[in-house]
Each structure stands twice: as C-alpha cells, then as structure tokens.
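Questions regarding the structure given below will be posed in turn.
This chain uses plain numbering: 1 for the first residue, then up along the sequence.
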Amino acid sequence: MFLRRAFVEGRRPAPRFFACPFRLLHAPTLPTLKERTTAFRPLDSHTPSHVVQATQDARPSGLQGAIDRFYEAVTARHEHGSIDHLQLDDIFKARKVSSRTASDIAESYQEKFCQCIVLLAQNRSLESDKVLDNAVKIVSRVFPNQEDDYAERIATRLIGMRDTQATFRWLTALQRTQLECVTYGKTRKAWHALLELAAELRDVRAIHNILSHMRSIRIWLTRETSTLIFQAMFDQRARPNSPNDPYLPPPFSTIKRLIDALHVLRVPYDENSLRSLVDGYTRGGQPYLADEAEDLYVSTMATKGRIDPNHINKVLAHIASRQSRISTTQAYRRFKATGFRPSVATLLAVLSSSTHISDLTHWQNELRVRATPAVIEQLIERRAQSSAPVLELYAYAKDQHFPLTAPMLYSALRSLLTSAGLQKPTERAIDAALDLYRDFIAYCNGSGQAREPVSENEVSTEGPSVQATHPNAATYQLLLRALTTSHNMAKYLPVAVSVIGDMSHFGIGLDYQTTASILMLLMGVSPSPEEAFRMYTIIGRPPPNSTRPVLNQEGYATILHTFCTLPTWPDGIPSATLYFEILADMRKYGVYIGPKVYTIILAQLGKLATAAYASHDTARREVIAKTITRIHNYLTVNPQLTPDTALYNQLMDAYQRTGHFIEACRIWQLLYASSQFNNASVSIILDACAFARAYDMAVRVYDMLKEAGWPLNVKNWNTYVECLCRLGRLDEAMKVVCLEMVGRKDGVEPDKESVRILLKFAVKANQEAEVRSRIKRFLPKLYASIPAIIQGSL
C-alpha cells in the first residue's frame, strides 16, 4: 500500500497556478489535513482506557455523533490513499430517529460534514466514487429541502481549492443521482462555474472533458459558454501580477488547442468570444497574436450565415499575408463549406501582397471568380511599388483580353520612364512608352474601351467600372515631362506637340501647377520665341468652347518669367508685343493682373541694360530703353491698373540703368509727391544720381528727405556715401560717415560696408592714409576691422 501511494502521489501533476480565483479571494480558508486530524483524532487500541472512556462519554450522540464517526473514518482512510467499506448505515439510522432539522445541527458539524465530502471528492480511488454517490444520498437525508444549497456550498469549496478534478467528480456524482430533490449537478450554472475555473487555470484538457460531459448530459453548449471560457482565460484579476511575475496572455498554442476543442464539440461561433480573444491579446501587448487568433477563430468556428462576408475577406487577407497559399486555400474551403460565396473582394484578399501571375491564375480557378480591371490595377500597382516588372502583367492583361484601363497604362509608363531614378529616361525607354501609348489610343478608338479607376467602395462589386476613351491626366503629365527633358529635343518636340493635340482632342485639362510646369519646359526647349509662344497658345489657352483659365495668377507669373528669359531672343530683349498678348489673355479669362507681372519684364530689361552698359553697347541700351518706355506708356493708359510702389521702383531702376536719368527723376517726383516712396526708392534715385553725375540732384534729394524727417536706413546712407564718392566728393563722404552717421537717435551707425566704400574710392584718389587716419579717430572700433575689409573687398 505504501508503494502504491507513493507511485500515485508521484505522478500527480503539481498545480501550475497558486492564485485564488478572483471571485473566491475572500472565501473562508479550510484547515489543513494535519489540523483537522489533530482536532478530531480517532481513538485506537493504544489509547489508555480512562481516556477512551472519558472521550466516549464526551462524544455527542445521535446524528452529530454519527457525523463524528463518519469524519474519523474518512480522514483515517484518506491518509492511507483509499476509502473503502465505509459504513454509512449509522448516519441513515441516526437521521431516521433524529427529530432535528438541518438548521438545528451545529455549524461546526455542518462544516465537518462538508470537509468529509471534500476529502471524498479529492480521493482518486474507485471506491471513493461509490462512497461519493452514497454521500449525495446522505446530503439529501441530512439536509432535506436544502440539498442544492449544500451541494453548491461543497462545489464552491472545491473550486476555491482550485481542484478541477475533485469538483468534476462531485458534480458528476450529483448528476448521476436519481434523487429528484438534487438538481444542482444538472444545471448549466454549476458546470459554468467549473468551466470558469478550468479556463482560469488554462487547462484545455479539462475544458474539453467538461464540455464533452455537458453534451452527454444534454446541457447544450451556448454562445454564453464560449464567452465565459475566453473571458476567464484572459482575466487579469485572476492571474499573478507583480514585477517578478507579470501578467502574460495565454500562449497561442493553448488558444489553438482550445479553439480546436470548441470546434470539435460544435460550440457555436460567437462575436463576444472573438472580441474577448482579440482584446485579451491586445491588452497584453501582443497585437500580432490578436490578429492571428482572430484569423484562427473565424476560420475554424465559422458557421453558415453567422459571419459578415467582409469580415471573412479580412481574415483571408490576414492569413494570406502571413501563411502559405495552401493554408489560405484550406481556410477558404472551410468558409465555403459554411455557404460563403466569394467575390472580387475575396480575390483581392487572398492575393494579399502577391504580384505573381501564377497566384492570380490559381485563385481565379479556386474561387471561380474572374479578375476585374480593378484587380489587375492593384497587382500592377503592387509590382510598381516593389520595383517588380510591370510590363509583364500589363501584357498578360492584354493577352487575356482584360479591359485595359487608364491606371494600367499609367503604371506601365511610370515603370518605363522612372526606372532610372533621378536620371533622365533614355530614348529607348521613351520610345517604348510611346509605343504603349499609341497602342492604348488605338485600343480606345477601336472596339475596346478604357476604364477610369474605381473607388474603394466599388472593389467588392463585380459590375463594370466607369468607362472612358482616353488616358488620364497623370499619364499625359508623365509622358510630357519625359519628352521635354529628353536630350534629343529635335526628335521629341514634335511628338510632344502631337501629345498635346491628343489632350486637347480628349478635352483633358491639368491642374494649374502641372500646366505651368509642362508649359515652362516646352517653352524652354523651343528653338525660337515664336515656337515658344505657339506652345503657350496650345497649352496656356483653354479650348474654344471653354472660358475657364488653365493657369492661375502664379502660373501666369511663372510663364511670363520663362518667356522673358528665353535664351533665343534677339539680343536677349523680349518682345513687348507678345508679352502684352499674354497679359490680354489674363484679362480675357478673368485672371487678376497685378503690378507683379510688369515688374517681371522690367527687371529683365534692367539686367539687360546693365550688361549693355558694361559692354559699352549704346545701341542696345537704346532699344531696351524704347521697350521700357512702351511698357511705361501701357501702364499710364491702363485704367484698370494702379501701379504700386514696387512697380514704380522697378520702372525707375530700369530707366536709370538705360541712362534715362530724367525719366527716373520724374518717377521719383511722382512717388515723393504722393508719399508712395520707400527706402528702396531712395536708394534707386541716389544710385541714378551717381551714374548720371548729378550732384545737385543728389544733394537735393538728401535735403528733401532730411526736411521731411524720413528715416534713412544703413543701405540708404551707404548709397548716398557711394554717390558722393563717385561724384568726386570724398571729403564730403567722409564727413557723412564720421559725423552725420555717428550718434544718431534712430540707432543707425556706420558699418563695415561704409568703411569699404570709403577705402575703395580713397585708393583711387590716392587719399588712403588720410581716410585711415579719420576712421581711426572717429570710428576706432571699425578701424580694427580695416585689414579684414581690405582683404575681403579691395
């Protein structure tokens, strides 16, 4: 017997969790076996006779005495590993002759009787099962009309001890009894409590056995049963949670075995169970396992009509992205067995991130769903994103007579024209792209029809997409950029013009920014200004039947700047006539004409005039001056335009650069009289005085500003100093720098630029020593920086 007990106890599994279930944290604790046997030790043959006699005299008689003797027998035999041949007749007899009710029995004896049943349930011997069956009858005799309450009390005690096997044996004994008064073992409540314990212990085998037994006794497994299991499995309150033993969700292998068991036992699919499963892994910081568990549960537990097809497609997409094609096929077939009907959305889901034509063929045959243009578009887009060959799939779609769509063409052209990265596409790539484009145009003009892209809401349907008969705007933008940036413009400029004609024929318009960018490129590569203007008339003007502008104000400004700076202008001078024609289009199409559009051409003419002055090209300066005068006249007679200060400044600067000092002075007088001038106006007129050698006018301007109290900035002072130096008034310039600019209330002081200007002209006048001496005397701080100024500027 000792060897047998050692063997049995040695193979018993050790409890894996020692935390009490949350619902039983405050349940009363049971005394240990040693404490129980010490408090109620049975008498044996070695006990002295006087002790035996005293003990027997002290023992209660009747029902309570029978409970005492029953307890002694159970505890004695429980210690030896088996319980057999228990005599229960004395309890039955004592109950028959006793007039006490259950409430008359002392609480200590009720607890003692409860401990007897617990010990019987915990014993694993076959004999104890028979005694346990008889114990159920004892309960019915000892506690009439309270049988279920006492049975539940014992079950709760066993659950609090976290002993699933003992609880199972007790509930099974209650269920086996033929007594109609004992019904607790046949209720769903009792077995759900045991299931909750098994789930907290994460004992899948126990859960399987409990569910199987519930089915055998016709306690139907409901969705609430499934929800209870998963909620208990992920219940953090019933798990250890400390820095040394933090809470962790159950291993995925445990959940997989549980789901397989639920599927075998035909537990119904339940959304609440799925939610508990996903939320449990998410709260546990394992969202990737949440996705896998969701896929496994849905694909395993799916039943007809219970799952939304969109949810099934989502699960199939997850499975396809993480597992093999075989696993995805098996999951789909399980869904199909539940009545699921695949669609185009299903085809997209199972393809996942695949770009292989073989996968597309396999899934079309498996699902018996033919791919739509939307499917081909997505596959092409995936290939493009992964830098995989796109033309192969485009050719496959064409060979299989799929309707070609504009997005398909765009993806194919993009793979050809952007494969070199930041480098310009080769002529071979451009030629291949043009072949695809022309073939697509022929397809659109023939029996086939191109399709526009479908929205996300249309992907799940199998109906036709919105049809079109031309490429989209993105395709033309891509193609024109490639043509206009090619090294062989003589070859591709006529092609670009032809493509633009196709755009006009199909009525395709681009956005303002794209139109301006393409037009700027075409004008820049045109062989002549006239050809560049023709590019503008083709792209920059709307179709004859439309008055909507194709360029906004910023777009026109960009085109005008490009037009003025074309390298093909004779002598570099832009045509004011063509320039004004573009301005007339702006007025015609309702685009605001601000002063900025005039400053563009005036700034360019001013730069050209400066270059002509440096090269002593007087004739060219006169041509530029006439163009400026024409623009000035246009500004004067245009009643819709009110020139601002920036425009007047640009016009004054352009006049002074061409040597028309009188016209520059007239504009200054206009600005001064209307108080529209600013610091930039002051610098321009003083600079004009310097180059026109108009000392009196420079002094007059200075006195006017001084009298009006206009605050000159450092740049104005330096311009005035340079004007005096250019006019040979170096002493007066030194007086301005060393005296008038020092100690001013407005905070303006001489800077390194002031010293540089003085030294520059002092060297030319052979007065460097004198200038240095005065700077050292009046500007000692700036004097220390003279070597750096000379080294950097002189």
ask   = Do Y476 and Y437 have a side chain donor and acceptor closer than 3.5 Å?
value =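 Side chains of Y476 and Y437: pair found under 3.5 Å.
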
task = Flag the pair E530 and R534 as a salt bridge only when some basic side-chain nitrogen lies within less than 4.0 angstrom of an acidic carboxylate oxygen.
result =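 Looking at E530 and R534, the cut-off is not met.
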
key: Heavy-atom closest pair, residues L727 and A690   =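 Minimum heavy-atom separation between L727 and A690: CD2-O, 4.0 Å.
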
ask   = Would a 4.5 Å heavy-atom cut-off, applied to side chains only, mark L605 and T658 as touching?
value =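 In short, these two side chains do not touch, never coming nearer than 4.5 Å.
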
message = Going by salt bridge (charged side-chain N to carboxylate O under 4.0 Å, His left out), name the pairs with one or both residues in residues 665-680, residues two or more places apart or in two chains.
response =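 Of all non-adjacent pairs touching residues 665-680, those that pass salt bridge (charged side-chain N to carboxylate O under 4.0 Å, His left out) are E663-R666.
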
request  = Before giving the answer on side-chain hydrogen bond (donor to acceptor under 3.5 Å, both in side chains), spell out for T636 and N633 the whole-Å C-alpha distance, their side-chain angles and the decisive distance to 0.1 Å.
outcome  = CA-CA 5 Å; T636 303; N633 294 335; 5.1 Å; no

inquiry  = Given 3.5 Å as the limit, does a donor-acceptor pair link the side chain of S683 with the main chain of A680, or not?
reply    =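 Not a single qualifying donor-acceptor pair exists.
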
task = Inspect the surroundings of CD in Q513 and state if more than 12 heavy atoms from other residues, nucleotides or ligands are less than 6.0 Å away.
result =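 Result for CD/Q513: open.
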
request  = Would you mind reporting whether S754 and V721 have side-chain heavy atoms less than 4.5 Å apart?
outcome  =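 No, side chains not in contact.
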
query = Which distance, rounded to the nearest 0.5 Å, do you find between the CD of Q477 and the CG of D511?
reply =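 These two atoms lie 6.5 Å from each other.
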
query = Which pairs with one or both residues in residues 693-719 pass salt bridge (charged side-chain N to carboxylate O under 4.0 Å, His left out), sequence neighbours excluded?
reply =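 For residues 693-719, and leaving out neighbouring residues, there are no salt bridge (charged side-chain N to carboxylate O under 4.0 Å, His left out) pairs at all.
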
key: Non-hydrogen atoms of Y556 and G540 that approach each other most closely   =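 Here Y556 and G540 meet closest at OH-O, 3.9 Å.
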
ask   = Within the distance-only criterion (no hydrogens, no angle test), does the side chain of T599 pair as donor or acceptor with the backbone N or O of K596 below 3.5 angstrom?
value =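 Between the backbone of K596 and the side chain of T599 there is a qualifying donor-acceptor contact (under 3.5 Å).
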
query = Can you tell me how far the CG atom of L519 sits from the OG1 atom of T514, to the nearest 0.5 Å?
reply =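 The CG atom of L519 sits 12.0 Å away from the OG1 atom of T514.
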
ask   = If we only count heavy atoms from C-beta on, is the Y672 to S681 side-chain gap below 4.5 Å?
value =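 No, every pair of side-chain atoms sits at 4.5 Å or beyond.
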
message = Return the CD1 to CG distance between I441 and L436, rounded to the nearest 0.5 Å.
response =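 I441 atom CD1 to L436 atom CG measures 12.0 Å (nearest 0.5 Å).
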
ask   = Can a salt bridge be assigned to the pair R438 and D502 using a cut-off of 4.0 Å between side-chain N and carboxylate O?
value =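 Answer for the salt bridge query: no.
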
message = Side chains of P574 and Y579, heavy atoms from C-beta outward: is any pair under 4.5 Å?
response =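 A side-chain contact is absent here, since even the closest heavy-atom pair is not under 4.5 Å.
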
request  = Indicate yes or no: does K735 engage D731 in a salt bridge with an N to O separation below 4.0 Å.
outcome  =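 The answer is no: the pair does not qualify as a salt bridge.
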
task = State, to 0.1 Å, how close T642 and P595 come at their nearest heavy-atom pair, and which atoms those are.
result =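 In terms of heavy atoms, the two residues are closest at O-CG, 4.2 Å.
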
message = Does L724 form a side chain to side chain contact (heavy atoms under 4.5 Å, CB included) with Y695? I'd like the steps, not just the answer.
response = CA-CA 8 Å; L724 294 175; Y695 172 75; 3.8 Å; yes

inquiry  = Working note: R620 + L608, criterion side chain to side chain contact (heavy atoms under 4.5 Å, CB included); need CA distance, chi angles, decisive distance, verdict.
reply    = CA-CA 9 Å; R620 188 182 178 193; L608 295 174; 3.6 Å; yes

key: Donor-acceptor pair, side chain of T645 and main chain of Q676, under 3.5 angstrom   =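 Such a contact is found between T645 side chain and Q676 backbone.
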
request  = Look at atom CG of N766 and say whether more than 12 heavy atoms of other residues, nucleotides or ligands are closer to it than 6.0 Å.
outcome  =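 For N766, atom CG is not crowded (no more than 12 foreign heavy atoms under 6.0 Å).
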
Geometric class of the Y613/F691 ring pair [parallel <30°, tilted 30-60°, perpendicular >60°] =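 Answer is perpendicular, since the angle exceeds 60°.
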
request  = Check whether any side-chain heavy atom of W717 lies under 4.5 Å from a side-chain heavy atom of V737, and answer yes or no.
outcome  =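 SC-SC contact between W717 and V737 ruled out.
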
inquiry  = Are L522 and I500 packed together at the side-chain level, in the sense that at least one heavy-atom pair is separated by less than 4.5 angstrom?
reply    =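 Side-chain contact under 4.5 Å: yes.
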
query = Taking all atoms of both residues into account, what is the closest heavy-atom pair of L782 and D751, and its distance?
reply =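 Of all heavy-atom pairs spanning L782 and D751, the closest is CD1-O, 3.9 Å.
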
request  = State, yes or no, whether a side-chain contact exists between V771 and L730 at a heavy-atom distance under 4.5 Å.
outcome  =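 Result yes, sub-4.5 Å side-chain heavy-atom pair found.
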
key: Y720 and E740 side chains, donor-acceptor separation under 3.5 Å   =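 Their side chains do not contain a donor-acceptor pair, so the 3.5 Å distance test is not met.
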
inquiry  = So, taking the atom named CG in D617 and the one named CD in E622, what distance separates them when rounded to the nearest 0.5 Å?
reply    =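 Spacing of CG (D617) from CD (E622) equals 10.5 Å.
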
key: Nearest non-hydrogen partners of V525 and T484, listed with the distance   =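 Closest approach of V525 to T484: CG1-O, 3.7 Å.
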
query = Without hydrogens or angle criteria, can the side chains of N552 and Y592 be said to hold a donor-acceptor pair below 3.5 Å?
reply =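 Result is no, nothing qualifies.
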
key: Interatomic spacing from CD1 in I775 to CG in L758 - rounded to 0.5 Å   =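 Output value for this atom pair is 5.5 Å.
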
key: Audit row: L712, V748, side chain to side chain contact (heavy atoms under 4.5 Å, CB included) steps and yes/no   = CA-CA 8 Å; L712 300 178; V748 176; over 6 Å; no

inquiry  = Can you tell me how far apart OH (Y783) and CZ (R774) are? Round to the nearest 0.5 Å.
reply    =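 Between Y783 OH and R774 CZ, I get 15.0 Å after rounding to 0.5 Å.
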
query = For residues T719 and N716, is any side-chain donor paired with an opposing acceptor at under 3.5 Å?
reply =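 Note: T719 and N716 side chains miss the donor-acceptor criterion.
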
request  = Take T629 and Y655 through the test side chain to side chain contact (heavy atoms under 4.5 Å, CB included) and record every step on the way to the result.
outcome  = CA-CA 8 Å; T629 302; Y655 270 131; 3.7 Å; yes

request  = Apply side-chain hydrogen bond (donor to acceptor under 3.5 Å, both in side chains) to the pair E581 and Y536, showing each step before the final yes or no.
outcome  = CA-CA 11 Å; E581 192 169 342; Y536 162 75; over 6 Å; no

ask   = More than 12 non-hydrogen atoms from neighbouring residues, nucleotides or ligands closer than 6.0 Å to OH on Y589, yes or no?
value =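 Yes - once you tally the heavy atoms of other residues, nucleotides and ligands closer than 6.0 Å, there are more than 12.
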
ask   = Considering the options L651, I601, V623, which one meets the side chain to side chain contact (heavy atoms under 4.5 Å, CB included) requirement together with I628?
value =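 Filter result, single survivor: L651.
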
Could you pull out all donor-acceptor pairs under 3.5 Å where a side-chain atom in residues 562-573 meets a protein atom, sequence neighbours excluded?
| residue | atom | partner | partner atom | Å |
| --- | --- | --- | --- | --- |
| T562 | OG1 | T558 | O | 3.0 |
| T565 | OG1 | H561 | O | 2.8 |
| T565 | OG1 | T562 | O | 3.3 |
| W569 | NE1 | F563 | O | 2.6 |

ask   = If only atom types and distance count, is the side chain of R541 paired as donor or acceptor with the main-chain N or O of V550 below 3.5 Å?
value =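 Such a contact is absent between R541 side chain and V550 backbone.
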
Flag side-chain contact, heavy atom, 4.5 Å: F440 against L413 =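 No - every pair of side-chain heavy atoms lies 4.5 Å or more apart.
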
request  = Taking all non-hydrogen atoms of both residues into account, name the closest pair between A698 and C723 and its distance.
outcome  =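 Looks like CB-SG, 3.7 Å.
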
inquiry  = Looking at S411 and M408, would you say the former's side chain and the latter's main chain have a donor-acceptor pair under 3.5 Å?
reply    =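 No; zero donor-acceptor contacts below 3.5 Å.
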
inquiry  = Can you confirm whether K626 is buried at NZ, in the sense that more than 12 heavy atoms of other residues, nucleotides or ligands lie under 6.0 Å from that atom?
reply    =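 Not buried by this count: 12 neighbours or fewer within 6.0 Å.
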
message = Could you check whether R726 pairs with E722 (Lys NZ or Arg NE/NH1/NH2 to Asp/Glu carboxylate O, under 4.0 Å)?
response =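 Yes, charged N to carboxylate O under 4.0 Å.
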
